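Side-chain atoms are counted along with the backbone in the values below, which use heavy atoms only and exclude waters and symmetry mates. Whatever order the structure lists them in is the order used to number ligands and atoms, beginning at 1. Computed from a prediction, not measured in an experiment: that's the story for all the values here.
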Amino acid sequence: MNNKPKIAIIGAGNVGSTFAYALMIRGIAREIVIIDKDRERARGHCMDLNHGMSFTRPTEVVDSGYEGCEGADIVVITAGAKQQPGQTRTDLVRTNTEIFKKIVPEVLEHAGGAILLVVTNPVDILTYITMKLSGLPRNRVLGSGTVLDTSRFRYLISEHCDVDPRNVHAYIIGEHGDTELPVWSGASIGGIRIDRYCPTCRNFRNCDREKALQGIFDNVKNSAYKVIESKGATYYAIGLSLVRIVETILGDEKSVLPVSTLIEDYYGVEDVCLSLPCKLGSRGIEQFLKLELSPEEQGLFKKSAQSLKKILEELEL
Ligand code: NAD
C-alpha cells in the first residue's frame, strides 16, 4: 500500500515544471498531476519527467484537466502571466486576478479538502484573493511569500560572512516584492546575534558593516529583476522553496517558514496577506510568529502592509 501524498500543480510553465522536477527527485509524492490551459505543454513536461523515472523513486506523473485535482493533498498554483523585464509584480495584478477567478472554483470543485499554495505573482495579493474566492479557513490557504527571498538573504549573508547558509537565521518579511524588509534585529549566525557576531569575525577590520548589510539587502530585493534580465524567468530557487514548503506540511514537521498568510492584529496591521515566519504542519499554517521588530522595522512593515492594502482597495474585490 502506498500512502504517500498527491500534489496537483496548476501551471506547467518554468516554475510549475521546475517544482515538479524537484518534487520528483525528492521522492515524497505518490502522484504529481500537472494542469495547464496549454495541455500539450503539460503533456510534454510529464513525458520528459517520466523518462527520468528510472533514476528516482517511483512517482506517478500525469497531465490532466481539473478533475485531476481529485484527492490532492496540496494544490500548488503557479499559473498566470509572469513578470516581463522591468515590470513590477504588482503590474501583473489585474491579469492574474482574472485568471484566478477561473482557476480557484475549478480547483475547489475537485479538491475541496486540499491545502492551496499560491505562487503566482503578485503572490500576497493573489493569496488574499484565493482566500476570499475559496472561503477556506486561513490555515489552508498560503502563499510562497518571502521563503525564496529569505533563502536569497541567508545565502548572501553566508557568502559575505563565509559561513554555511544553514547556520544563518534571518528573515525577509512583508510583501514578496518591492516593499519587503529585512529583520536585521533578529538575524543571527550560529545562535549569535549578527551585531555581536561581527566583532568575532576575522574580516571585521576590513568590513564596512553598514554598507555590507545594505548591499546584501539591496541584492536580495533586486535578485528577481536581475535573474529575469539575464534569462527571462526565475525558477530553480523557487522550485526548491516550494518543495521545502510542501514537505514540511506533508511531514507535519512544524518548521518555521516565512509564507504569506492572512495577518490579524500585528503592529496594527490586519486583513491583508503578507509574510511573517509561520509554523507549518499537516493542517497548513498552524501559527504565525509575532516577531519583535525594532521601531524602524515596525515602520517599514506597516508601509509594506499599506502598499498591499492600497492595491486590494484599487481592485474593488
Ligand atoms: P510561465 O509563463 O512560464 O508559466 C505560466 C503557465 O501558466 C503557462 O504554462 C500558461 O499556459 C499557464 N496558464 C496561464 N493561464 C492559465 C489558466 N487560466 N489556467 C491554467 N494555466 C494557465 O511563468 P512562470 O515563469 O512559470 O511563472 C509563473 C508565475 O510564478 C508568475 O506569476 C511568476 O511571477 C510567479 N513566480 C513567483 C515566484 C514567487 O516567489 N512567488 C517566483 C518566481 C515566479
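- Taking every heavy atom of both residues into account, I7 and A29 meet most closely at CG1-CB, 4.1 Å.
- Cation-pi contact between K231 and Y235: present, with separation from the ring centre below 6.0 Å and deviation from the ring axis of at most 45°.
- Nearest to atom 18 (N) of ligand 1 by heavy atom, out of V119, I34, N96, I99, is I99.
- Contact annotation: S17 has no heavy atom less than 4.0 Å from any atom of ligand 1.
- Closest heavy-atom approach to atom 35 (C) of ligand 1 within the set N121, V118, T18: this belongs to N121.
- Counting only non-hydrogen atoms, the option in A79, G232, G80 that gets closest to atom 5 (C) of ligand 1 is G80.
- Neither the backbone nor the side chain of A224 has a heavy atom within less than 4.0 Å of ligand 1.
- Atoms CG and CZ, on N203 and R209 in that order, are 14.0 Å from each other to the nearest 0.5 Å.
- The nearest non-hydrogen atom to atom 11 (O) of ligand 1, considering only D38, D36, L117, comes from D36.
- At a heavy-atom distance under 4.0 Å, only side-chain atoms of R41, from C-beta outward, approach ligand 1.
- Ligand 1 lies less than 4.0 angstrom from a heavy atom belonging to Y66.
- Those atoms of ligand 1 that come under 4.0 Å of a heavy atom in G13, given as number and element, are 1 (P), 3 (O), 4 (O), 6 (C), 9 (O), 26 (O).
- H176 and D124 are not linked by any side-chain donor-acceptor pair at a separation below 3.5 angstrom, with hydrogens and angles left out of the test.
- In this structure, the side chains of L274 and I173 stay at 4.5 Å or more apart for every pair of heavy atoms.
- One option in H176, K102, K101, H45 has a heavy atom closer to atom 40 (O) of ligand 1 than any other, and that option is H176.
- By the criterion of a heavy-atom distance under 4.0 Å, the backbone of A12, and not its side chain, is placed next to ligand 1.
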